[in-house]
Enquirer: 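Below you will find the structure I want to go over with you.
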There are 2 protein chains.
Amino acid sequence: MIENEIFKALADPTRRTIFEKLAAGGMNASALREGIDISQPAMSQHLAVLRSAGLVREERQGRFVNYEVDPEGLALIARWLAKYRAYWPARIEALKVLLKDMDQ
Amino acid sequence: MIENEIFKALADPTRRTIFEKLAAGGMNASALREGIDISQPAMSQHLAVLRSAGLVREERQGRFVNYEVDPEGLALIARWLAKYRAYWPARIEALKVLLKDMDQ
DNA sequence: GAATCACATAAGTCCATGCTTATTTGTTTC
DNA sequence: GAAACAAATAAGCATGGACTTATGTGATTC
């Protein structure tokens, strides 16, 4: 069940920080470490967890490995959340605004 | 940071099962245990975690305590997810369908 | 008010997980 | 092909978290 992997991956604050950083633009593992106090192996392990959860994908570029957000993981969360849409009727308007925003 | 509590709460499959069950309709802790192989204290502890995360709220009714989904927690996830909406342009159509659905 | 019931809390155990240091793998460069 | 560099993997450790049994608390019933 990948849903479980996703929530477990996001349960760690360091991994959410990494994910947020990647959301601002793809980069390699070394660049990701800048500004985050974390060892190289720890970063590598976190990225492996995020990748396995489908939240992030990698692409080797020479001796660097470029990481970027994988929309698949986000889509899965959105699908999970949609199951409970009955519980936020008051937010429908906000969602509509969001949609309009998406359309530009 | 309650965001952290939410993801940690949802990282446990048993708690997600409990949450899903509550989403189908509020009920007390004993009723919740039916169909889930879990001890009474374990259920109580899980509910405390969900409650602390803002995913569930309680209301004492006599010697029973009724639990139900708290929309606040879901709204927080939605807000978190919205930050990354740039990453699922292909899902806009799906969202529109969802919205239409919400309007009946 | 004693017994019973629904639930919460306490305390201890065990396993998962996030970290560390050390090493390995893959790639480039000289 | 040896050195240098980016990243992954291995192995060990320490903490967190999900469970257990035992007990406490609040409410109802007789």
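Letters go in sequence order (proteins before strands), and every chain restarts at 1.
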Enquirer: How long is the line joining CE of B/M43 and P of D/dC19, in whole Å?
Expert: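 To the nearest whole Å, that distance equals 10 Å.
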
Enquirer: Give the rounded distance in Å between these two atoms: CZ of A/F7 and C1' of D/dG17.
Expert: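 Atom-to-atom, A/F7 to D/dG17, this comes out as 18 Å.
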
Enquirer: Under 3.5 Å, is there any donor-acceptor pair linking the side chain of B/Q40 to the base of C/dA8?
Expert: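 Per atom types, the contact qualifies.
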
Enquirer: Using whole Å, what does the distance between atom P of nucleotide C/dA11 and atom CD of B/Q45 come to?
Expert: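 From B/Q45 CD to C/dA11 P: 13 Å.
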
Enquirer: Heavy atoms, side chains only, cut-off 4.5 Å: are B/L47 and B/M43 in contact?
Expert: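 In contact.
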
Enquirer: Identify, with sequence neighbours excluded, every residue that meets side-chain hydrogen bond (donor to acceptor under 3.5 Å, both in side chains) alongside B/N66.
Expert: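 B/N66: no side-chain hydrogen bond (donor to acceptor under 3.5 Å, both in side chains) contacts found.
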
Enquirer: Could you tell me the separation between the CG atom of B/L32 and the C1' atom of C/dC7, rounded to a whole number of Å?
Expert: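 Going from CG in B/L32 over to C1' in C/dC7 covers 12 Å.
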
Enquirer: Any heavy-atom pair between the side chains of B/Q61 and B/N28 that's under 4.5 Å?
Expert: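 No. Closest side-chain heavy atoms not under 4.5 Å.
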
Enquirer: Any residue in residues 11-28 of chain B with a heavy atom nearer than 4.0 angstrom to DNA chain D? Just list them by number, or reply none.
Expert: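 Contacts with DNA chain D under 4.0 Å: B/D12, B/T14, B/R15.
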
Enquirer: Return whichever of A/Q61 or B/Y67 has its heavy-atom-nearest nucleotide of DNA chain C closer to the 5' end.
Expert: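 Nearest-nucleotide comparison on DNA chain C picks B/Y67.
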
Enquirer: Does A/A42 or A/F64 map to a spot on DNA chain D nearer the 5' end, using the closest nucleotide for each?
Expert: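 Looking at DNA chain D, the more 5' nearest nucleotide goes with A/F64.
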
Enquirer: Please state how far atom CZ in A/R63 lies from atom P in D/dA6, giving the value in whole angstrom units.
Expert: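 My rounded result for the distance is 6 Å.
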
Enquirer: Below 4.0 angstrom from OP1 or OP2 of D/dC19, is there any side-chain N or O of B/S39?
Expert: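 Checking D/dC19 against B/S39, no side-chain N or O comes under 4.0 Å of OP1 or OP2.
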
Enquirer: What is the separation between atom CD1 on B/I38 and atom C1' on C/dA8, rounded to the nearest whole Å?
Expert: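 Roughly 14 Å, once rounded to whole Å.
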
Enquirer: Mark yes when over 12 heavy atoms from residues, nucleotides or ligands other than A/R57 sit less than 6.0 Å from its CZ; otherwise mark no.
Expert: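 Counting other residues, nucleotides and ligands, CZ of A/R57 exceeds 12 neighbours.
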
Enquirer: Select from A/H46 and A/R60 the residue whose nearest nucleotide in DNA chain C is closer to the 5' end of that strand.
Expert: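 Result of the comparison: A/H46.
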
Enquirer: Does a side-chain heavy-atom distance below 4.5 Å link B/L10 with A/W80?
Expert: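 A side-chain contact exists here, since the closest heavy-atom pair is under 4.5 Å.
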
Enquirer: Report the distance from atom CZ of B/R33 to atom C1' of C/dC5, rounded to the nearest whole Å.
Expert: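 Those two atoms, CZ and C1', are 13 Å apart.
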
Enquirer: Would the distance check show the side chain of B/R60 and the main-chain N or O of B/G62 forming a donor-acceptor pair, the cut-off being under 3.5 Å?
Expert: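 Between the backbone of B/G62 and the side chain of B/R60 there is a qualifying donor-acceptor contact (under 3.5 Å).
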
Enquirer: If I take atom CG in residue B/L50 and atom P in nucleotide C/dA8, what distance separates them, rounded to the nearest angstrom?
Expert: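 The answer, rounded to whole Å, is 12 Å.
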
Enquirer: Quick check on ring pair (Phe, Tyr, Trp, His ring centres under 6.0 Å): which of B/Y87, B/F7, B/Y84 does A/F19 satisfy it with?
Expert: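 Result: among B/Y87, B/F7, B/Y84, B/Y84 is the only option passing the ring pair (Phe, Tyr, Trp, His ring centres under 6.0 Å) with A/F19.
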
